[in-house]
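To start, the structure itself, in structure tokens.
Residue numbering restarts at 1 for every chain, and letters A, B, ... go by the order of the sequence lines.
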Amino acid sequence: MTVTRFAPSPTGYLHIGGLRTALFSWLTAKHNNGKFLLRIEDTDMARNSEEAKDAILKAFEWVGMSYDGEVVYQSKRFDLYKKYIDQLLEEGKAYKCYMSKEELDALREEQMAKKERTRYDGRYRDFAGIPPEDVEPVVRIKAPQEGTISFVDGVKGEMNISASEVDDFVIARADGAPTYNFVVAIDDALMGLTDVIRGDDHLYNTPKQIVVYNALGFKIPKFYHVAMINNEQGKKLSKRDGATDVMEYKELGYLPEALLNFLVRLGWSYGDQEIFSIEEMIALFDPENINKSSSNYNLDKLLWLNAHYIKNKSNTELTELLKPFDVDIAKHDKMEMLLDATKERGKTLVELADQIKLILAAPVEYDEKAVKKAFKGEAKEILTDFIALLQTWEKPLHLPTDYHEVMEKIVADKEIGFGKIGMPLRVSLLGSMTGAGMDEVMAILGVDETIERIERAVATIA
RNA sequence: GGCCCCUUCGUCUAGCGGUUAGGAUCCAUGGUUUUCAUCCAUGUUACAGGAGUUCGAGUCUCCUAGGGGUCACCA
């Protein structure tokens with residue numbers, strides 16, 4: 001059975017790039033009817049935070065990616081790691097290193113001066129003498145001293161790393177706490193991982209982890225190293241480039257399905273297809289098709305996808321989604337009409353909410369440019385006549401088409417173009433030059449409110 | 001600096017030895033619309049550079065350039 005995982009360290013919010021690797025892992029598991037596990041990498045007590053962990057879990061909840069079983073916390077598994085450290089020590093596959101920090105620093109400086117790669121020189125690997133008393137030892141694992149460590153990466157292809165690139169790295173700190181590369185290998189093995197999909201930045205951890213797998217006799221999973229997401233300029237994504245925290249997207253009015261659709265197409269594709277429902281992603285995703293090269297974040301595409309998903313949401317769903325954006329129209333008797341008139345005009349829920357607010361609340365001020373363009377010439381006269389026409393209209397005024405008839409009448413009577421009445425009317429009702437169709441707006445407002453708004457506008461025209 | 005990875009329209013990408021190098025987004029233009037948006041149509045724009053292999057190279061090899069990753073008792 002396919003088992004994948006996402007293993008964040010709780011040092012901050014869930015990053016957009018992290019969400020993509022999580023998505024790839026999740027899709028791989030779902031596609032194969034396997035399991036997707038979540039593990040919190042909190043071995044570094046000094047840098048962890050409970051809030052960060054909660055924030056990550058919350059982000060997962062928002063996008064709807066569910067994990068199987070219980071969340072695994074590495075901080076609760078120290079006894080287990082200790083057992084393996086002792087085992088390796090006993091088997092002679094690991095050893096205590098009494099090198100002090102000062103000595104290590106000196107070694108590094110020397111290597112850097114000689115422009116060599118900085119690496120531990122293995123001085124305690126076969127140490128049999130009397131250890132210095134004032135140094136708490138770390139435990140180092142014996143890495144192969146010659147040859148190459150090879151593995152097939154599902155994204156990068158065949159990888160061959162020279163043994164000289166991997167030194168006898170620390171698996172237990174002086175205080176006994178295990179280190180990252182050690183516990184990752186153990187947990188991935190014990191949790192039954194078959195496929196490890198993670199960021200490109202872990203590529204060089206892989207040979208180290210393979211050393212651990214081999215020392216402990218664990219089965220090595222398949223690795224996939226996914227390239228980074230850069231900003232539009234191809235540089236590392238930073239907060240200056242817009243939202244990097246997944247939850248910010250929620251606040252900015254993005255739909256999780258749009259964000260996921262956007263992310264899945266960064267580094268992966270299925271022919272020419274752009275729109276993927278969650279079900280389609282699951283059905284079609286294959287990590288073997290992940291691109292080798294890094295991709296750039298592109299807001300235009302996200303916006304386009306978001307608009308697409310908003311347009312295709314039902315009005316009922318939309319009323320719920322709009323609530324956090326100060327628009328509660330669940331009980332509005334013209335709810336359907338309101339959304340039909342606006343849902344194609346907002347690329348985000350924020351924009352959609354703004355459109356609706358424009359209709360719900362009478363304008364307190366009129367857009368300056370709009371006034372200049374619309375409230376001029378015979379506008380005042382036309383609007384006044386329009387009010388009169390509405391007041392004396394004998395047919396029912398309920399539907400947009402009803403109001404359209406009134407518009408047609410005034411256009412015919414006064415022999416003017418639609419624009420002559422449309423523009424001043426729009427500014428009168430919404431205070432702006434753009435927005436929903438007039439017929440719809442009037443039908444939503446009703447005759448009384450419509451007339452009131454026009455009267456108020458007329459009063460401002462000199 | 002050592003080691004490793006990457007490079008097709010501005011951006012996301014298709015392509016897997018023979019294509020007028022395709023799609024999407026963006027932008028522009030036109031149509032629809034009382035405005036805006038939607039929608040539809042049309043258009044501009046790409047194989048980083050250089051050698052080779054081959055009858056033929058975006059696709060294979062090498063070199064150069066550019067970009068990125070990594071070298072912790074951090075994850």
Notebook entry, point to check: Nucleotide by nucleotide, 5' to 3', does protein get under 4.0 Å of the base (B), only the sugar-phosphate (S), or neither (-) in nucleotides 68-73 of chain B, counting heavy atoms?
Noted result: SBSSSB
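- Across all strands shown, B/U29 forms a Watson-Crick or G-U wobble pair, both distances under 3.5 Å, with B/A41.
- The pair A/Lys420-A/Glu378 meets the salt-bridge criterion, with a side-chain N (NZ, NE, NH1 or NH2) lying under 4.0 Å from an Asp/Glu carboxylate O.
- Note: A/Phe223 and A/His225 have parallel aromatic rings, judged against thresholds of 30 and 60 degrees for the angle between ring planes.
- When both distances must be under 3.5 Å, the Watson-Crick or G-U wobble mate of B/C60 is B/G52.
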Next item on the list: Show your working on salt bridge (Lys or Arg N to Asp or Glu O under 4.0 Å) between A/Asp79 and A/Lys83 and close with a plain yes or no.
Entry: CA-CA 6 Å; A/Asp79 288 347; A/Lys83 200 188 85 191; over 6 Å; no
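- Nucleic acid contact class of A/Lys311 (heavy atoms, under 4.0 Å, all strands): sugar-phosphate only.
- Among A/Leu339, A/Leu318, A/Ile444, the single residue meeting the side-chain contact (heavy atoms from CB on, under 4.5 Å) criterion with A/Ile356 is A/Leu339.
- The partner of B/C16, taking Watson-Crick or G-U wobble pairs whose two distances both stay under 3.5 Å, does not exist in any strand shown.
- If A/Tyr180 and A/Ser269 are placed on RNA chain B by their nearest nucleotide, the residue sitting closer to the 5' end is A/Ser269.
- Neither OP1 nor OP2 of B/U11 sits under 4.0 Å from any side-chain N or O of A/Ser295.
- Ring geometry for A/Phe285 against A/Trp268 counts as tilted: the plane angle lies between 30° and 60°, on a 0 to 90° scale.
- In terms of position along RNA chain B, the nucleotide closest to A/Asn160 lies nearer the 5' end than the nucleotide closest to the other residue of the pair A/Glu232 and A/Asn160.
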Please output the side-chain donor-acceptor pairs of residues 9-16 of chain A that fall under 3.5 Å, not counting sequence neighbours, one pair per line with the distance.
residue, atom, partner, partner atom, Å
A/Tyr13, OH, A/Thr244, OG1, 2.8
A/His15, ND1, A/Gly17, N, 2.9

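- Taking 4.5 Å as the limit, every side-chain heavy atom of A/Pro144 sits out of range of all side-chain heavy atoms of A/Val166.
- Residue A/Met159 is in sugar-phosphate contact alone, with no base atom involved, counting any heavy-atom pair closer than 4.0 Å across all strands shown.
- Within the shown strands, nothing qualifies as a pairing partner of B/C9 under the Watson-Crick or G-U definition with both distances less than 3.5 Å.
- Nucleotides B/U13 and B/G31 have their P atoms positioned 36 Å apart, rounded to a whole Å.
- Proximity of A/Lys292 to the phosphate of B/C6: a side-chain N or O atom is located under 4.0 Å from OP1 or OP2.
- Note on A/Asn296: every side-chain N or O is 4.0 Å or more away from OP1 and OP2 of B/G67.
- Pair assignment for B/G2: B/U70, on the basis of Watson-Crick or G-U wobble contacts that are both within less than 3.5 Å.
- Here the C1' atom of nucleotide B/G2 and the CE atom of A/Met112 are 13 Å apart, to the nearest Å.
- Ring planes of A/Phe127 and A/Tyr98: tilted class, angle from 30 to 60°.
- The shortest side-chain heavy-atom distance between A/Asp241 and A/Ser238 falls under the 4.5 Å cut-off.
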Item checked: Protein proximity profile, nucleotides 17-34 of chain B - base contact B, sugar-phosphate-only contact S, no contact -, cut-off 4.0 Å on heavy atoms -> -----BBBSS-------B
